[in-house]
Amino acid sequence: MLDLKAIRERPEWVDARLKTRGGRHDLTAFFALEADQRAMRATTEGLQARRNEISKLIGQMKAKGGDASALLAEMGELGPRLKEHEVALRAKEEAVQEELARLPNLPAEDVPVGPDESGNVVVRSWPEGFSGNATELNHWDIGERLGILDFQVAAETLGARFTFFRGDGARLIRALTSFMLDLHTREHGYEEILPPFLANKESLFGTGQLPKFEEDLFCLRDDPFYLIPTAEVPLTNMVRGQIVDEAVLPLKFTAWTACFRREAGAAGRDTRGLIRQHQFDKVELVWITRPEESMAALESLTLHAEEVLKRLELPYRTVALCTGDLGFASAKTYDLEVWLPGQGRYREISSCSNTLDFQARRMKARLRRVESKAVEPVHTLNGSGIAVGRTLVALLENFVQPDGSVTIPDALRPYMGGQARIEMRGR
RNA sequence: GGAGAGAUGACCGAGCGGUUGAAGGUGCACGCCUGGAAAGCGUGUGUACUCUAACCAGUACCGAGGGUUCGAAUCCCUCUCUCUCCGCCA
């Protein structure tokens with residue numbers, strides 16, 4: 001949520017920043033609505049002040065046994081009028097909040113301006129000088145042939161966009177997860193969290209999935225919960241409604257969770273394979289920081305995610321998203337894209353964002369300064385560290401051997417009981 | 001699922017329906033005192049919003065939402081959560 005006071009101070013600038021995202025936002029109408037609301041507030045509060053004053057006088061009058069009938073008469077007239085004003089004001093306030101909650105975050109100053117993903121900028125790639133090779137072998141072919149991915153069973157039992165991992169496939173997912181969590185907890189200083197996979201409306205509003213993107217979420221029928229689309233939701237909401245001491249920041253959380261997405265708007269895209277599933281595993285990274293350190297934190301967080309790919313020897317590049325490609329809550333985002341030989345191109349495997357105080361305002365997450373005791377919103381960041389299913393895709397396509405087996409990178413072998421390759425198993 | 005108890009400020013904890021944003025304590029900040037510290041004494045110490053250049057002033061908030069009343073932290077209703085006991089259960 002944008003800071004109402006701040007955007008009121010320079011509406012033209014805000015309007016211009018929002019326009020770089022490409023969406024349409026009628027700020028003129030919004031500001032008119034908001035000014036209207038403030039006028040209503042002024043008159044309502046005036047009436048409330050009068051009511052309080054009269055009530056006080058009546059109390060004093062009665063205490064001395066005086067005659068309060070004139071005051072009671074005024075109240076009889078003022079009461080209903082005040083009620084009307086209060087009801088109208090509340091409706092107006094809700095309208096303002098509704099509109100405000102639908103405005104996306106403002107892109108940071110150093111975000112490249114562009115209309116869509118074509119405007120994104122590659123900031124670095126690894127290994128240096130790498131030029132991708134393309135192969136005929138898709139991960140789904142490799143995986144099915146090895147017997148570690150079963151799309152057939154998934155399709156028959158559930159339908160599209162689900163997978164049964166079998167044998168070494170299931171074990172690889174588990175190994176990758178452990179490897180990533182160990183890296184982040186032991187070397188990058190994160191606290192490991194195992195959060196609930198369900199979240200309520202308040203949490204989803206806090207991180208920005210609601211109210212705008214409800215159609216992307218799985219919702220329970222009989223209880224007021226949604227399946228989480230990312231661990232960003234529970235992890236960031238750990239500070240919802242809190243005033244944390246400045247001294248405890250930054251908080252750094254990492255978690256493995258399954259993630260659930262309806263992919264409502266993605267019909268027909270990536271229908272084969274693991275790339276776009278209704279359920280997938282992801283290790284997430286979340287920081288809660290002081291405002292002045294959040295941009296540096298984004299660089300650190302991104303490097304932590306990159307380290308996963310380096311250790312797994314997977315070629316990737318880091319891309320700065322342009323204004324038109326930024327997510328709703330994000331002010332600045334780096335995507336990590338891993339090279340997939342089977343597709344002959346880079347695909348997103350991590351997205352690291354600084355939302356500044358945008359989510360913090362929505363969830364009322366604040367810090368108290370040690371020196372001044374002042375209270376202000378924290379900054380929140382999140383990034384995949386990294387998407388486990390897509391990592392498996394990258395392993396299969398990058399490390400497949402001519403005989404159809406797949407070698408396991410050194411860093412992962414301890415997590416596979418020393419196993420060096422995935423081979424055909426008779427079933 | 002059944003029965004009971006509770007939800008007040010950073011924390012503990014009072015609060016006959018009226019001048020309570022909320023006693024008292026703890027903590028914290030500043031000052032006095034001291035060679036320095038402790039103790040002691042004094043002062044201050046919620047969040048959000050409106051108005052203002054600023055000061056001042058005003059409004060809302062005592063789990064959430066309704067209601068009664070001239071007036072509700074205090075009375076009534078609903079819900080949520082926490083705790084205890086019983087049942088069930090991984």
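Side-chain atoms are counted along with the backbone in the values below, which use heavy atoms only and exclude waters and symmetry mates. Residue numbers begin at 1 in each chain, while the letters A, B, ... track the order of the sequences. None of these values were measured; they are calculated from a predicted model.
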Legend entry - Integer angstrom distance from the P of B/G46 to that of B/G40: 24 Å
Inset, instruction - May I have all residue pairs that pass ring-ring contact (aromatic ring centres under 6.0 Å, His included) and include part of residues 211-236 of chain A, sequence neighbours excluded? - result: A/Phe213-A/Phe328, A/Phe218-A/His278
Inset, instruction - Return the value, rounded to whole Å, for the distance between atom CD of A/Gln48 and atom P of B/G58. - result: 13 Å
Legend entry - Whole-angstrom distance between B/U19 and B/A10, as gauged at atom P: 23 Å
Legend entry - Whole-angstrom distance between B/G13 and B/G2, as gauged at atom P: 30 Å
Find every protein N or O atom lying less than 3.5 Å from an N or O atom of nucleotides 49-51 of chain B, and list the pairs.
from	atom 1	to	atom 2	distance (Å)
B/C49	O2'	A/Arg41	NE	3.3
B/U50	OP1	A/Arg8	NH1	3.2
B/C51	OP1	A/Arg38	NH1	3.3

Inset, instruction - Would you mind reading off the distance between A/Glu94 atom CD and B/G65 atom C1', rounded to a whole angstrom? - result: 12 Å
Inset, instruction - Using salt bridge (charged side-chain N to carboxylate O under 4.0 Å, His left out) as the criterion, list what pairs up with A/Glu98, not counting sequence neighbours. - result: A/Arg102
Inset, instruction - Apply side-chain hydrogen bond (donor to acceptor under 3.5 Å, both in side chains) to A/Glu53 and list each qualifying residue two or more places apart in sequence or on a separate chain. - result: A/Arg50
Legend entry - Residue pair A/Leu303 / A/His188, side-chain heavy-atom distance below 4.5 Å: no
Inset, instruction - Could you measure between the two C1' atoms, the one in B/G21 and the one in B/G58, and give it in whole Å? - result: 14 Å
Legend entry - Between B/U20 and B/C16 - C1' atom distance, rounded Å: 14 Å
Legend entry - Non-neighbouring partners of A/His139 that pass ring pair (Phe, Tyr, Trp, His ring centres under 6.0 Å), sequence neighbours left out: none
Throw together a table of side-chain donor-acceptor distances under 3.5 angstrom for residues 374-388 of chain A, partners on residues two or more places apart or in other chains.
from	atom 1	to	atom 2	distance (Å)
A/Glu376	OE2	A/Arg369	NE	2.5
A/Glu376	OE2	A/Arg369	NH2	3.0
A/His379	ND1	A/Ser294	OG	2.8
A/Thr380	OG1	A/Thr355	OG1	2.7
A/Thr380	OG1	A/Gln359	OE1	2.7
A/Asn382	ND2	A/Glu232	OE2	3.3
A/Ser384	OG	A/Ser351	N	3.1

Inset, instruction - Grab the CZ-P distance between A/Arg361 and B/U47 for me, whole Å please. - result: 15 Å
Between the protein and nucleotides 69-80 of chain B, which nitrogen or oxygen pairs come in under 3.5 angstrom?
from	atom 1	to	atom 2	distance (Å)
B/G71	O4'	A/Ser55	OG	3.1

Inset, instruction - Round to a whole Å and report the spacing from CG of A/Asp245 to C1' of B/G27. - result: 13 Å
Legend entry - Residues that A/Trp256 engages under ring pair (Phe, Tyr, Trp, His ring centres under 6.0 Å), provided they are two or more places apart: A/Phe197
Legend entry - Toward the 5' end of RNA chain B, by each residue's nearest nucleotide, A/Ala49 or A/Arg368: A/Arg368
Legend entry - Dot-bracket line, read 5' to 3' along RNA chain B, where crossing pairs take [ ] and | marks a partner on another strand, Watson-Crick or G-U under 3.5 Å: ((((((((.[[[..)..(.....]]]((((((.......))))))(((((......))))).[[[[[..)....]]]]])))))))....
Inset, instruction - Mind jotting down which residue pairs meet the salt bridge (Lys or Arg N to Asp or Glu O under 4.0 Å) criterion with at least one end in residues 27-38 of chain A? Sequence neighbours excluded, please. - result: A/Arg8-A/Glu34, A/Glu34-A/Arg38, A/Asp36-A/Lys92
Inset, instruction - Kindly write out the residues that satisfy salt bridge (charged side-chain N to carboxylate O under 4.0 Å, His left out) with A/Glu263, not counting sequence neighbours, or none if the list is empty. - result: A/Arg276
Legend entry - Set of residues satisfying ring pair (Phe, Tyr, Trp, His ring centres under 6.0 Å) with respect to A/Phe31, sequence neighbours excluded: none
Legend entry - Out of B/U19, B/A48, B/U59, whichever nucleotide has its closest atom nearest the side chain of A/Lys56: B/U19
